[in-house]
Participant: 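Could you have a look at this structure, given as structure tokens, before my questions?
The first residue of the sequence shown is numbered 1, and numbering continues consecutively from there. Nothing here was measured: the structure is a model prediction, and the numbers come from that model.
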Amino acid sequence: MIRPELSNWRVQGPTLGKIGLNALVHEWALRNGGINGAVLSDKPVIDRLTTKSCSDVRQQAIEALQISDLAAGLAF
């Protein structure tokens with residue numbers, strides 16, 4: 001779900017990109033059993049999962065959003 005958004009985040013910049021990241025993570029959590037609460041209580045789970053399944057995409061997202069890790073970009 002992140003890969004198609006990378007170019008948008010690069011163009012939009014980190015402020016709008018982080019809004020997009022939050023929306024994407026909420027949608028992903030809803031699609032995966034409504035685990036939004038679990039993600040809220042353990043934001044680094046997003047980094048653990050993306051490191052394991054798509055580390056290159058994760059790194060590109062971190063660079064586009066200018067954050068230290070994906071959890072740092074989550075506001076919810």
Side-chain angles (χ1 to χ4, degrees):
M1 291 178 70
I2 294 173
R3 186 182 311 273
E5 296 301 321
L6 290 172
S7 62
N8 292 334
W9 295 346
R10 288 183 188 109
V11 171
Q12 295 168 345
T15 302
L16 290 177
K18 288 177 204 169
I19 293 169
L21 172 67
N22 278 273
L24 185 140
V25 171
H26 271 293
E27 180 182 348
W28 172 84
L30 283 171
R31 288 183 182 187
N32 287 278
I35 59 169
N36 300 65
V39 173
L40 177 60
S41 66
D42 183 18
K43 292 178 186 177
V45 70
I46 298 302
D47 287 290
R48 291 192 302 272
L49 291 171
T50 54
T51 296
K52 183 177 179 180
S53 63
C54 55
S55 61
D56 61 323
V57 172
R58 175 187 173 271
Q59 185 58 42
Q60 290 178 56
I62 288 169
E63 291 168 7
L65 299 173
Q66 300 176 9
I67 52 180
S68 57
D69 57 27
L70 295 178
L74 297 179
F76 69 99

Participant: Is there a path from Ile35 to Met1 through hydrophobic residues (I, L, V, M, F, W, Y) whose side chains come within less than 4.5 Å of each other?
Facilitator: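 Ile35 and Met1: one cluster.
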Participant: Do Ile2 and Trp28 come within less than 4.5 Å of each other through their side chains, counting heavy atoms only?
Facilitator: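 When only atoms from C-beta onward are counted, Trp28 and Ile2 do not touch, as no gap falls below 4.5 Å.
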Participant: Considering all heavy atoms of both residues, which atom of Pro14 and which atom of Gln66 are nearest to each other, and what is their separation?
Facilitator: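 So the two residues come closest at CG-OE1, 3.6 Å.
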Participant: Between the side chain of Asn22 and the main-chain N/O of Gly73, is any donor-acceptor distance below 3.5 Å?
Facilitator: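 Checked: pair present.
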Participant: Does Arg48 reach the side chain of Asp42, with side-chain heavy atoms less than 4.5 Å apart?
Facilitator: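 Yes, at least one pair of side-chain atoms sits under 4.5 Å.
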Participant: Can you find a heavy atom in the side chain of Val57 that is under 4.5 Å from one in the side chain of Thr50?
Facilitator: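 No; the side chains remain at least 4.5 Å from each other.
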Participant: Under the criterion side chain to side chain contact (heavy atoms under 4.5 Å, CB included), I'd like the reasoning laid out for Arg3 against Asp56: C-alpha separation, chi angles, the key distance, then a yes or no.
Facilitator: CA-CA 10 Å; Arg3 186 182 311 273; Asp56 61 323; 4.0 Å; yes
Participant: Tell me the closest heavy-atom pair linking Asp69 and Ala72, and the distance in Å.
Facilitator: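 Minimum heavy-atom separation between Asp69 and Ala72: OD1-N, 2.9 Å.
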Participant: Nearest heavy-atom pair of Leu65 and Gly17: which atoms, and what distance?
Facilitator: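 That closest heavy-atom pairing would be CD2-C, 3.3 Å.
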Participant: Rounded to the nearest 0.5 Å, how far apart are CD1 of Ile46 and CG of Leu24?
Facilitator: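 Answer rounded to 0.5 Å: 9.0 Å.
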Participant: Check whether any side-chain heavy atom of Arg58 lies under 4.5 Å from a side-chain heavy atom of Asp47, and answer yes or no.
Facilitator: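 Side-chain contact under 4.5 Å: yes.
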Participant: Roughly how far, to the nearest 0.5 Å, is CD of Glu27 from CG of Asn36?
Facilitator: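 Answer for the CG-CD pair, Asn36 versus Glu27, is 10.5 Å.
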Participant: When rounded to the nearest 0.5 angstrom, what is the spacing between CG in Leu6 and CD in Gln59?
Facilitator: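 Output value for this atom pair is 11.0 Å.
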Participant: If you measure from CD1 on Ile19 to CH2 on Trp9, what distance do you get to the nearest 0.5 Å?
Facilitator: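 It comes to 12.0 Å.
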Participant: Compare every heavy atom of Arg10 with every heavy atom of Ala64, then report the nearest pair and how far apart it is.
Facilitator: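 Shortest heavy-atom separation between Ala64 and Arg10 comes out as CB-CG, 3.8 Å.
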Participant: Would a 4.5 Å heavy-atom cut-off, applied to side chains only, mark Leu70 and Val25 as touching?
Facilitator: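 Leu70 vs Val25: side chains apart.
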